[in-house]
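Before anything else, here's the structure in question.
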Amino acid sequence: MTWGDLLENWHCQIECLVACFPHADPEALVRFRGNRDLLAEYIADTHELTLAEGFEAIEMRLLPCVSRPADLLAAE
């Protein structure tokens, strides 16, 4: 999944975002729609990561997570 695909259904992806980033507040995540820089900064701050690690976390955890069907995530 690409960032563009994720943005198309941002509100539908909040549950997956919280699954990927458990310290994130769902209401806060809604506000970062479309702004990858602010999202990475927020993820870094809430998960004790550097900003670079925040960006990496989005790429390595979030995009693969939302690409997978919910039933596969539940099985893990």
(message) Going by side-chain contact (heavy atoms from CB on, under 4.5 Å), name the residues that satisfy it together with A40, two or more places apart in sequence or in a different chain.
(response) L51, F55, I58

(request) Quick one: list whatever passes side-chain contact (heavy atoms from CB on, under 4.5 Å) with R33, sequence neighbours left out. (result) L7, W10

(request) Quick one: which residue pairs count as a side-chain hydrogen bond (donor to acceptor under 3.5 Å, both in side chains) with a foot in residues 42-51, not counting sequence neighbours? (result)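 Counting only pairs at least two positions apart or across chains, the side-chain hydrogen bond (donor to acceptor under 3.5 Å, both in side chains) contacts touching residues 42-51 are T50-E53.
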
(message) Looking at every non-hydrogen atom in both residues, tell me the closest pair between A44 and G54 and how far apart they are.
(response) CB-CA, 4.3 Å

Side chains of residues 18-29: which donor-acceptor pairs under 3.5 Å do they make with residues two or more places apart or in other chains?
from, atom 1, to, atom 2, distance (Å)
D25, OD1, E27, N, 3.2

